[in-house]
> 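Below is the structure I would like to discuss, written out as structure tokens.
Positions are given from 1, in the same order as the sequence printed here.
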Amino acid sequence: MTLTTSEASMATASSSSDHVMTSLCELCLLNPENPVRLPCSHIFCRDCFNPAGREPISCLCPTCKTPVGRPKSAVNTQSSLADIELELERLTREKEKLLKSKQREIKKMALEFLNECRNQKLIKLKRLKSELMLVQNEILAMTDESAHKDVANCSLQSADKMNLSPNLNDNSIKFLAPEEISNNHVNILKNFPDLENNYFAKNTKYKSIGHLIYNAFRYDSFVDVGQVTVPDTTNASAYIYGMSTSSSKLLSVAGTLKTVNIYNPSVDDPLTVVYPLMKLPSNCFTWSTTWNPVSPNLLAVGDYNSEVKVWDVVGKVAISTFNGHTTSKLLNVSWTPTKPQQLLSVAYESAQIKVWRLNERGSVLNINVPDKLIMLSCKPQSPFHFAASSVDRKIYSFDLRKADRPVNKLAGHSKSVFQLKFYDSKTLISASVDGTLKQWSYDSCQCIRTYRGHQNTVKFIGLEVLDEYILCGSENNSLHVYHEALSKPVMSHQFPPSPSLTGNPGGDGNDRLVSAITGVGDSVCVANDKGVIRILKMGEDTKMKHFGSQC
């Protein structure tokens with residue numbers, strides 16, 4: 001049968017229409033998403049073909065009901081170019097959505113940071129304005145007495161309410177010429193962060209920032225007022241370590257000597273040479289001496305044979321001898337401040353503290369600790385509390401009434417703590433071979449301040465507390481002085497080179513260390529590991545003395 005021209009044209013159009021229809025999903029009649037072409041050539045969206053998201057074992061074509069088996073086999077892997085283009089378009093749209101969403105999140109995070117940054121800067125700006133107003137008003141008070149009443153009412157809390165907007169132009173910032181910079185100003189610049197913190201924290205220990213500066217920098221040098229001789233050290237080194245002072249100003253000196261020498265170093269003549277009043281014998285090195293806080297004639301001595309002896313220096317007789325430590329090198333002996341009949345001892349790297357009483361033959365209490373100990377110090381005005389340092393770099397506080405375990409621990413040093421000294425009943429000073437001193441709150445176990453400036457990486461150095469000052473030795477044969485409120489040294493003193501054991505008249509240089517320090521009245525005795533002991537006084541700056549008389 002032959003088709004007419006019009007019939008052929010209609011058939012062609014119908015065929016074209018069927019092809020267009022087959023490009024749409026047979027169910028939703030839209031461009032298929034994730035298209036699936038079945039063996040019967042019908043096309044569906046994947047979600048339309050399998051709306052539950054599951055893959056049954058077999059299924060029928062929704063249009064012609066032809067079995068198509070498992071859906072995986074129903075997918076035509078030989079996708080047409082049109083199907084691929086559709087999939088690419090879909091993926092491109094999805095990518096653009098994800099990128100826009102990511103950009104929105106990035107912008108949101110940036111805005112959160114910038115808003116918080118603005119808030120923090122505004123808080124700091126408000127604080128700075130408040131502090132600047134306080135400083136300006138105090139300057140006015142010191143230059144104009146009429147402004148004093150305004151300053152008295154000015155505080156950090158109320159200053160931000162005052163209508164004062166300083167013009168911070170170049171002219172308002174004053175720089176001193178080099179010739180105008182005083183020694184005091186150099187000290188202020190050197191310690192400015194600490195001074196600023198003390199000023200705005202309103203340190204109640206001092207009446208004003210001026211009093212703190214005066215107290216910190218009133219001394220500028222040491223005056224050598226005498227020398228303590230150590231017999232039998234001509235041909236050998238005498239490492240001085242166990243040095244302490246009694247309430248009657250007697251000085252005990254011990255170390256690698258096999259005697260404990262007793263002196264009376266109260267001198268005024270700079271050329272004075274102090275010789276021993278007596279020598280207490282010992283069979284070995286003596287590392288620790290401590291005077292009884294109530295009976296100034298009683299001296300406790302700890303030696304390298306782990307023996308503790310209590311001497312009556314007036315009668316030159318040992319009234320008590322205690323043994324019991326299982327390790328040698330007894331490093332530290334300390335009387336309890338308010339119980340003069342009781343003392344504590346610890347041997348180097350032992351894990352036990354022993355408590356002794358003069359009327360008892362053996363130890364009355366043994367305190368076992370988890371790690372090896374080095375040093376201990378008793379808390380002033382307390383019969384029960386003391387602190388001990390350990391090789392684990394921590395300091396432990398103890399209470400003799402609950403001696404089964406430490407009460408607290410103070411952690412912060414990076415190496416072993418070789419020296420401990422109470423600054424007062426609330427504050428403890430520690431010296432470590434990490435090269436720092438630290439000031440601790442004994443009750444809260446928090447580090448208040450870290451002091452840096454001396455050298456200490458290997459050995460024991462001397463440590464002493466005198467009024468507001470912390471004195472410590474250094475491994476370059478020098479003495480350093482810190483003020484308790486400042487983290488850098490305010491003064492230092494260099495020992496002269498020690499005579500060399502090899503006969504070199506120039507000595508061994510600065511390879512020595514200041515190993516022992518103790519206060520004697522208004523002076524300080526300082527010893528190094530060559531047996532050199534000097535009696536020093538802190539010399540007051542004449543300008544600071546004049547300032548102090550007007551404070």
> Drop me the distance from Cys472's SG to Ile517's CD1, to the nearest 0.5 angstrom.
6.5 Å
> Find out whether Ile470 and Leu437 are in side-chain contact, i.e. whether some heavy atom of one side chain is under 4.5 Å from a heavy atom of the other.
yes
> Do Lys379 and Pro337 touch side chain to side chain, with heavy atoms closer than 4.5 Å?
no
> Would a distance-only check, ignoring hydrogens and angles, find a side-chain to backbone donor-acceptor pair under 3.5 Å from Thr289 to Val301?
no
> Measuring only between side-chain heavy atoms, which start at C-beta, is Leu463 closer than 4.5 Å to Phe418?
no
> Quick one: are Lys459 and Glu475 in side-chain contact, heavy atoms under 4.5 Å?
yes
> Looking at Lys205 and Glu468, does any basic side-chain N land under 4.0 Å from a carboxylate oxygen?
no
> Quick one: does Phe386's side chain get under 4.5 Å of Leu400's, heavy atoms only?
yes
> Shortest non-hydrogen contact from Gly531 to Val230?
O-CG2, 3.5 Å
> Measure across Lys316 and Trp311 and return the closest heavy-atom pair with its distance rounded to 0.1 Å.
O-CZ3, 4.0 Å
> Do the two ring centres, one from Tyr469 and one from Tyr219, sit under 6.0 Å apart?
yes
> For Asp434 and Ser432, what are the C-alpha separation, side-chain angles and deciding distance, and is it a side-chain hydrogen bond (donor to acceptor under 3.5 Å, both in side chains)?
CA-CA 5 Å; Asp434 62 10; Ser432 166; 3.2 Å; yes
> Roughly how far, to the nearest 0.5 Å, is CG of Asn368 from CD1 of Ile353?
9.5 Å
> Can you tell me if Phe285 has over 12 outside heavy atoms packed within less than 6.0 Å of its CZ?
no
> Does one side chain, of Ser247 or Trp291, offer a donor that lies under 3.5 Å from an acceptor on the other?
no
> Are any side-chain N or O atoms of Thr336 and backbone N or O atoms of Lys339, one a donor and one an acceptor, separated by less than 3.5 Å?
yes
> Is the backbone of Leu250 close enough, under 3.5 Å, to the side chain of Ser246 for a donor and an acceptor to pair up by distance?
yes
> Describe, in one word, how the ring planes of His493 and Phe495 are oriented to each other, choosing from parallel (under 30°), tilted (30 to 60°) and perpendicular (over 60°).
perpendicular
> The test is side chain to side chain contact (heavy atoms under 4.5 Å, CB included); show your working for Leu251 and Cys525 and say whether it passes.
CA-CA 9 Å; Leu251 172 69; Cys525 285; 3.8 Å; yes
> Rounded at 0.5 Å granularity, tell me how far OG in Ser288 sits from CG in Asn332.
5.0 Å
> If you take the centroid of each ring, where Trp contributes its six-membered ring, are Tyr442 and Phe422 closer together than 6.0 Å?
yes
> Measuring only between side-chain heavy atoms, which start at C-beta, is Ile240 closer than 4.5 Å to Asn528?
no
> Using side-chain hydrogen bond (donor to acceptor under 3.5 Å, both in side chains) as the criterion, point out the one residue from Lys354, His325, Glu307 that pairs with Ser345.
His325
> Checking side chain to side chain contact (heavy atoms under 4.5 Å, CB included) against Leu373, which of Val391, Ile367, Val346 comes through?
Val346
> Measure the spacing between CD1 of Ile429 and CG of Asp424 and express it to the nearest 0.5 Å.
8.5 Å
> Should Asp399 and Arg401 count as an ion pair when the cut-off is N to O under 4.0 Å?
yes
> Under the side-chain hydrogen bond (donor to acceptor under 3.5 Å, both in side chains) rule, what do Tyr451 and His480 come out as? Steps first, then yes or no, please.
CA-CA 11 Å; Tyr451 305 91; His480 288 258; over 6 Å; no
> Between Leu343, Asp303, Asn323, which is the residue that forms a side chain to side chain contact (heavy atoms under 4.5 Å, CB included) with Val308?
Leu343
> What distance separates Leu122 CG from Arg118 CZ, expressed to the nearest 0.5 Å?
7.0 Å
> Tell me if a side-chain donor or acceptor on Ser295 pairs with a main-chain N or O of Asn297 at a distance below 3.5 Å.
no
> When you compare the side chains of Ser282 and Lys258, does any donor N or O come within less than 3.5 Å of an acceptor on the partner?
no
> With no hydrogens and no angle check, do the side chains of Ser390 and Asp392 hold a donor and an acceptor under 3.5 Å apart?
yes
> Does Ser389 use its side chain to pair, donor to acceptor, with the backbone of Val417 at less than 3.5 Å?
yes
> Can you tell me how far CZ of Arg449 sits from NE2 of His483, rounded to the nearest 0.5 angstrom?
9.5 Å
> Do His211 and Tyr199 have their ring centres less than 6.0 Å from each other?
no
> Do Tyr241 and Phe460 make the cut of ring centroids closer than 6.0 angstrom?
yes
> Taking the side chain from Gln494 and the backbone from Asn477, do they hold a donor-acceptor pair closer than 3.5 Å?
yes
> Is it true that Tyr239 and Trp287 have ring centroids separated by less than 6.0 Å?
yes
> Do Gln342 and Val355 touch side chain to side chain, with heavy atoms closer than 4.5 Å?
yes
> Please check if the side chain of Ser252 supplies one atom and the backbone of Met243 the other of a donor-acceptor pair under 3.5 Å.
no
> Evaluate side chain to side chain contact (heavy atoms under 4.5 Å, CB included) for Ser487 paired with Arg452, printing each intermediate quantity in order.
CA-CA 6 Å; Ser487 59; Arg452 292 183 175 90; over 6 Å; no
> Go through the steps for Val228 and Ile535 under the test side chain to side chain contact (heavy atoms under 4.5 Å, CB included), then give the verdict.
CA-CA 7 Å; Val228 176; Ile535 306 173; 3.9 Å; yes
> Kindly check if the number of other-residue, nucleotide or ligand heavy atoms within 6.0 Å of CG (Asp404) is above 12?
yes
> Please report the shortest heavy-atom distance between Gly473 and Ile461, naming the atom on each side.
O-CD1, 3.3 Å
> Tell me whether the count of non-hydrogen atoms from other residues, nucleotides or ligands lying under 6.0 Å of CD in Glu196 goes above 12.
yes
> Quick check: are there more than 12 heavy atoms from other residues, nucleotides or ligands sitting under 6.0 Å from CG of Asp467?
no
> If you look at every heavy atom in Pro276 and Thr229, which pair is closest and at what distance?
CD-OG1, 4.0 Å
> Run the numbers on Thr518 and Val524 for side chain to side chain contact (heavy atoms under 4.5 Å, CB included), then give the verdict.
CA-CA 6 Å; Thr518 186; Val524 58; over 6 Å; no
> Looking only at heavy atoms, what is the nearest atom pair of Ser334 and Cys378, with distance?
OG-SG, 3.4 Å
> Can you tell me if NZ on Lys190 sees more than 12 non-hydrogen neighbours from other groups inside 6.0 Å?
yes
> Less than 4.5 Å apart, any side-chain heavy atom of Leu299 and any of Asn292?
no
> Check whether Ser416 reaches the backbone of Arg393 with its side chain - one donor and one acceptor, N or O, closer than 3.5 Å.
no
> Please report the closest heavy-atom contact between Ala527 and Ile533, naming both atoms and the distance.
CB-CG1, 3.7 Å
> Compute whether any side-chain donor of one residue and acceptor of the other, for Ser244 and Thr290, lie under 3.5 angstrom apart.
no
